[in-house]
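Input: a single structure, listed below in structure tokens.
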Amino acid sequence: MGRDTIADVITSIRNADMDRKRMVRVASTTITENIAKILLREGFIENVRKHRESNKYFLVSTLRHRRNRKRPYRNLLNLKRISRPGLRIYSNYQRIPRILGGMGIVILSTSRGIMTDREARQERIGGEILCYIW
């Protein structure tokens, strides 16, 4: 049975955000590196670096937290895995969903690599919908 590395990354980030942890360490693959670069570029995380430990590579991400202590803690990151190994979800560029009216992002795996919904619409290509982030 194979492992779903994308779901592992999403779950690790979501759990660390709910537990108010500052750092998250996930296994490094090309897909997880591309997802981390998108999260960094879109401003959902502060920093990403590659760390080597006994011939294995890990991505260490620094999460961005709200510092308002007067109110109860609210999650900054909401991540949802859409396409999974048992049920792949594909979309053409015209039917890519808009999350919160364009406030959130959709991460797609396309023939030109992993990209956001805005980039896919601009390049007019569709692909597999990996996850929603808002």
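If you read the sequence from its start, that first residue is 1, and numbering goes on from there. The shown structure was predicted, so the numbers you read here are calculated from the model rather than taken from an experiment.
Put simply, the side chain of Ile38 reaches to within 4.5 Å of the side chain of Thr116, judged on heavy atoms. Glu119 is not listed as a side-chain neighbour of Thr110, based on a closest heavy-atom distance of 4.5 Å or more. The closest side-chain heavy-atom distance from Asn78 to Ile133 is not below 4.5 Å. Taking the side chain as every heavy atom from C-beta outward, Ile105 and Phe44 approach each other to under 4.5 Å.
Between the side chain of Arg22 and the backbone N or O of Leu63 there is at least one donor-acceptor pair closer than 3.5 Å. Side chain of Thr11 to backbone of Asp8: no donor-acceptor contact under 3.5 angstrom is found. A donor-acceptor pair under 3.5 Å is absent between the side-chain atoms of Ser91 and the main chain of Gly127, judged by distance alone. Between the side chain of Ser28 and the main chain of Phe58, no donor-acceptor pair closer than 3.5 Å is present. In this structure, Arg25 contributes its side chain and Val60 its backbone to no donor-acceptor pair below 3.5 Å. A donor-acceptor pair is defined here as one N or O able to donate and one able to accept, closer than 3.5 Å; no such pair exists between the side chain of Asp19 and the backbone of Asn15. With hydrogens and angles disregarded, no donor-acceptor distance shorter than 3.5 Å links the side chain of Asn47 to the backbone of Thr62. Side-chain N or O atoms of Arg14 include none that pairs as donor or acceptor with a backbone N or O of Ala16 at under 3.5 Å.
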(message) Could you go through Ile13 and Leu39, starting from their C-alpha distance and side-chain angles, then the distance that decides it, and tell me whether this counts as side-chain contact (heavy atoms from CB on, under 4.5 Å)?
(response) CA-CA 11 Å; Ile13 292 173; Leu39 289 173; 3.8 Å; yes
(message) Test side-chain contact (heavy atoms from CB on, under 4.5 Å) on Ile107 and Ile35; report intermediate values, then the result.
(response) CA-CA 8 Å; Ile107 296 181; Ile35 290 174; 4.2 Å; yes
(request) Step by step, work out the side-chain contact (heavy atoms from CB on, under 4.5 Å) result for Tyr93 and Ile125. (result) CA-CA 5 Å; Tyr93 77 94; Ile125 57 173; 5.7 Å; no
(request) Assess whether side-chain contact (heavy atoms from CB on, under 4.5 Å) is satisfied between Asn34 and Met115, documenting all intermediate values. (result) CA-CA 8 Å; Asn34 290 332; Met115 60 179 64; over 6 Å; no
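The two atoms that bring Val48 and Ile45 nearest to each other are CG2-CD1, 3.2 Å, heavy atoms only. The minimum heavy-atom distance linking Ala120 with Leu108 is given by the pair CB-CD1, 3.6 Å. Closest approach of Leu40 and Glu46 over heavy atoms only: CD1-O, 3.2 Å. Here the shortest heavy-atom pairing between Tyr132 and Pro97 reads OH-CG, 3.3 Å.
The distance from the CD1 atom of Ile129 to the NZ atom of Lys80 is 11.5 Å, given to the nearest 0.5 Å. Annotation: the span from Arg124 atom CZ to Asn92 atom CG amounts to 11.0 Å, rounded to 0.5 Å.
Within 6.0 Å of CE on Met23 lie more than 12 heavy atoms contributed by other residues, nucleotides or ligands. Atom CZ of Arg88 sits in a crowded spot, with more than 12 heavy atoms from other residues, nucleotides or ligands closer than 6.0 Å. In the displayed structure, Ile31 atom CD1 is contacted under 6.0 Å by at most 12 heavy atoms of other residues, nucleotides or ligands. In Glu42, the CD atom is crowded: over 12 heavy atoms of neighbouring residues, nucleotides or ligands sit closer than 6.0 Å.
Note on Val106: it clusters hydrophobically with Ile89, by side-chain heavy-atom contacts below 4.5 Å among ILVMFWY residues. Cluster annotation: Ile114 and Ile99 are assigned to distinct hydrophobic clusters (Ile/Leu/Val/Met/Phe/Trp/Tyr, side-chain heavy-atom contacts under 4.5 Å, transitive). Note: the hydrophobic cluster containing Ile6 does not contain Ile82 (ILVMFWY, side chain heavy atoms under 4.5 Å, direct or indirect links).
Note on Glu33 versus Lys50: salt bridge recorded, some NZ/NE/NH1/NH2 to OD/OE distance being below 4.0 Å. Between Arg84 and Glu128 there is no salt bridge, since no side-chain nitrogen of the basic residue lies less than 4.0 Å from a carboxylate oxygen of the acidic one. Ion pairing between Glu123 and Arg118 fails under the 4.0 Å rule for side-chain N and carboxylate O.
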